[in-house]
Amino acid sequence: MSEQKHLYLVDGSSFIFRAYHVLPPLTNSEGIPTGAVYGFANMLWKLIDELNDTDGPTHLAVIFDASSHTFRNEMYDQYKANRPDPPEDLVPQFPLVRDATRAFSVPCIEEEGIEADDIIACYTHAARKEGWKVTIVSSDKDLMQLVDDGQVDMLDTMKNKRIGPAEVEEKFGVPPAKVGEILALMGDSVDNIPGVKGVGVKTAARLITEYGDTETLIARADEIKQPKLRENIQNSTEEIRISRKLVDLYCDWNLTEPLDSLELKDPPKEPLAEFLGKHGFKSMLTKLGVRSSGTPKPATPQTPVNVEQVPFKHEDYETVTTVEALTSWVEEARTCGCLGFDTETNDLNCMRAELVGISLATRPGRACYVPLAHVSDEGLLGEAPEQVDCEEALALLKPLLEDPAVQKVGHNIKYDLLVLRNRHGIDVAPIEDTMLMGYVLDCGKHVGGQYGLDPAAKRELGHETIPFKEVAGTGRNQVTFDKVPLDRATEYAAEDADVALRLYQAFKPRLWRDRMTTVYERLERPLVPVLARMEERGIAVDRAALSRLSADYADRMAALETEIHELAGEEFNIGSPKQLGEILFGKMGLPGGRKSSKTGAYSTDQDTLETLAVDDFELPKKVLDWRQLAKLKSTYADALVAAVNPRTNRVHTSFTLAASTTGRLASSDPNLQNIPIRTDEGAKIRETFIAESGNVLLSADYSQIELRLLAHIADIPQLKQAFEGGVDIHAMTASEMFGVPVEGMDPMIRRDAKAINFGIIYGISAFGLARNLGIPRDKAADYINRYFERFPGIREYMNRTKLMAREKGYVETLFGRRTYTPLIKSQRQNERGFAERAAINAPIQGSAADIIRRAMTRIEPALQGEGLEAARMLLQVHDELIFEVPADKAEAAGTVIRKVMEEACAPVLELDVPLVVDVGTGATWAAAH
DNA sequence: CCTATCACG
DNA sequence: GACGTACGTGATAGGA
């Protein structure tokens, strides 16, 4: 028996997945995930070392899938089309697993166009012919076809179980040789093998036992007794035949490695020790007889650096002023794979900004600044400092910044992307953004601009960065960056690139540890270039129309002002809430004056003034009108004219990915997400947003997306049915609550139900609902109780969500985005109340935000695929996307856009409710609605 | 710089 | 029983 050769064939792919799911998300010192690699290496070790002589391998190979496209895709285009992508923290482990295999001196075998299963089949057949024993290390059911009495078996190393013909027959009810017939009938939803509807393993086994194979079954299908089954089989003959072909293993391939070359050798110690040491697999090093403290030198020149151990030394940063120095930095950067990167400009607004310099960091502590457009600190009067010619420097930098093998790490890199794209034609890629990493990791923990570079450096690295004011001055003495002397500029600018690189090293392992890599890589990073393009395109406005509106508003305001002053009996500043309050509630003695607890001033907000207006007081009515005009004039008409970029003649907003606690975007400078629409006067502003001639604006918005998500997340059958059937959701709610028929519903009752539906999304309270509807509080409480009675799932959702927030400290969206709720355990009940309502709202608002983000990353490629790249996405307003499209392409583009938006959850998720998108087009934004 | 107000989803 | 309360943003003007 000792002469008996025994080949072990390891199904590499399936094993990686199993190791990944079993082991915790370990990372090596470089922050690269290695959990699956560790599991894999351990298994190989076991196979080599621990099996006894009679069972163990004399020959061994690991088989991988080379690519996802194989000959089966040629046979059937839907094959494995539903396969979700592997988890993000598994992807970088694929090459490492191959490294591990080679470190053990075990051959890796893979072949473009065929699957690991086929390669395994080919080797199995070849070895069997030679009279060898074969063990397939896998638990994949497709491979069970190969099991054979006495000569071929399988080994499930996770369960430590051998699978022979008896085990196969137990599982499938037929001998191994017939397993292919069974698989063809059963189908496989994961691989998209159709099979026959309603046929599982039991039925398949019965049919194959009776008829022998699928062809005979098809030929004699009319003999089947059960009518439904007979019909299904007769209707699926094509599917059965294609399935039979798909599950069949291909074994005509010429072996790339001859059988004998797979002979198991003792792995040479040194490369193995180096591999194990590099990834910190200490227990295995010990087994190998190498003490981990005495681990050989690090394997790569890029020493794994402990971020905190490299001090910040500003004097070590280099100012690059010659072509030679720049060339040498570019060369160094090319080898480092991951480059810290930042740009300096003369303006915070990136559409107006001019590039002033670029900084690079190749490893923590090693960074430089390349000034490109610095002038003397006296401006153009003095002599400019020596620097590389801008064009020449950018020509040297462009290949680096566009090199697909060098990741450019920036903090808020969208800004840098735009500056370099704008007038320099450099498309920086691939990118990483440490601001977005910090945002997904800590969303909700910080407020305001706390994801910016300076606070992040303080928190994550314990480092105080040089404040901008320190180099550029403050107030009226502040200068633009091109006037900062090069030595100070270098300290400041190079530090930013250095910090970005260090933050990357700090965040990357945190992302993996918290399992937030997918959120970052799917919902944040890919949006950066998409938003950059939207901002760059901008949107056209009718300046003349805006100016006319502004003048009209000014006239009407002046008229109102005179009337208001007459009514008040004195002149005062209508725009001052304080003065207005004194007039209304002090001097005139109107009823209902509420003083705010904070400032002690009377409240004069819309609600208050409207209440007074109902009682026919003239002055508050006129103030309301005046306020509306003042708002429209200053915030919109005047501001939009001023925002038109003279270079492009369009308005370019800036979208922030890291602004909100829920995952929504924010728009600023100017904010184009709050352009008026609700009143007729306001809609006139929206009419000034126009398409270029020959084009139309196209608006595509999700209908009731948050309520649909509520129905799905809280699992409310009535809501789900209403959405499924296209029923008016608010009328349905009213009908359920008040027992009135949907037909001929009183609009006021529907209005109440609508307010309640929205209140629920906001984490309803009786007080809030009462105020919103202008009804007594006990009546509002009664409404809420009735709602909970009719839809008990809502209360369960609210309780479940609050509990999750308390126990884990965060809540999450359907796609895994987290919002931390630090105040959920506050002793102050008002703070706690806020946190609870925000916790209830965040999964709903945030899931909607995730969905439109997914759509936005897919829409441009989808349009391109249809030759519709002329349709350009311009704006996002939370549940709406605005495009500018050549008029003759609008219909086709609308079809593509609708499809992408409606299917944005797939393939990760299937909602219990349909998503519906309304599309409209028109010459203006108002008309597109 | 903070507060109040109001535009949007 | 009292406490204050709808969720998420950004821009503007007034006033300390």
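Values reported hereafter were calculated over all heavy atoms of this structure, with side chains retained and with hydrogens, waters and symmetry mates removed. A note on names: the letters A, B, ... follow the listed sequences, proteins ahead of strands, and every chain is numbered from 1.
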**Report entry** Derivation of the ring-ring contact (aromatic ring centres under 6.0 Å, His included) call for A/Phe791 and A/Tyr787
**Finding:** CA-CA 6 Å; A/Phe791 311 108; A/Tyr787 195 101; 4.7 Å; yes
Please classify the nucleic acid contact of [X] as base, sugar-phosphate, or nothing, using heavy-atom distances under 4.0 Å.
X: A/Phe758; value: nothing
X: A/Gln579; value: sugar-phosphate
X: A/Ala643; value: nothing
X: A/Gly575; value: sugar-phosphate
X: A/Ile764; value: base
X: A/Gln606; value: sugar-phosphate
X: A/Ile677; value: sugar-phosphate
X: A/Arg627; value: sugar-phosphate
X: A/Ser765; value: base
X: A/Asn671; value: sugar-phosphate
X: A/Ala601; value: nothing

| message | Against A/Leu698, only a single residue in A/Ile897, A/Leu874, A/Leu881 fulfils side-chain contact (heavy atoms from CB on, under 4.5 Å); can you say which? | response |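 Among A/Ile897, A/Leu874, A/Leu881, the one meeting side-chain contact (heavy atoms from CB on, under 4.5 Å) with A/Leu698 is A/Ile897.
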Q) A/Lys598 has a side chain; which of B/dT3, B/dT5, C/dG10 sits nearest to it? A)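 So the nucleotide nearest the side chain must be B/dT3.
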Which nucleotide sits closest to the side chain of A/Phe834: C/dG8, C/dC7, B/dT5?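 Selected nucleotide: C/dC7.
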Next on the checklist: Return whichever of A/Asn772 or A/Pro577 has its heavy-atom-nearest nucleotide of DNA chain C closer to the 5' end.
Outcome noted: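 Its nearest nucleotide lies further toward 5', so the answer is A/Asn772.
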query = Considering Watson-Crick and G-U wobble pairs with both distances under 3.5 Å, what does C/dA13 pair with?
reply =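 For C/dA13, the partner nucleotide comes out as B/dT3, under the 3.5 Å rule.
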Examine [N]: is either OP1 or OP2 under 4.0 Å from a nitrogen or oxygen in the side chain of [X]? Give yes or no.
X: A/Ser660; N: C/dC7; answer: no
X: A/Lys578; N: C/dA13; answer: no
X: A/Asn674; N: C/dA11; answer: no
X: A/Arg837; N: C/dC7; answer: yes
X: A/Thr662; N: C/dC7; answer: no
X: A/Arg678; N: B/dG9; answer: yes

Worksheet item: Salt bridge or not for A/Glu884 and A/Arg650, using N-O below 4.0 Å?
Response: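 Result for this pair is yes, salt bridge flagged.
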*Answer yes when A/Arg594 and A/Asp605 have at least one side-chain N-carboxylate O distance shorter than 4.0 Å, and no when they do not.*
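Salt bridge present between A/Arg594 and A/Asp605.
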Answer yes or no for A/Lys633 and A/Tyr553: cation-pi contact, defined as NZ/CZ to six-membered ring centre under 6.0 Å and angle to ring axis within 45°.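 Not flagged: A/Lys633 not positioned over aromatic ring of A/Tyr553.
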Whole-Å gap separating C1' (B/dT5) and CH2 (A/Trp626)
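Between C1' of B/dT5 and CH2 of A/Trp626: 11 Å.
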Does the base of C/dG4 carry an N or O that pairs as donor and acceptor with the side chain of A/Arg832 under 3.5 Å?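 No, the side chain and the base share no sub-3.5 Å donor-acceptor pair.
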Inspect the surroundings of NZ in A/Lys808 and state if more than 12 heavy atoms from other residues, nucleotides or ligands are less than 6.0 Å away.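 Atom NZ in A/Lys808 is not packed in, count stays at 12 or less.
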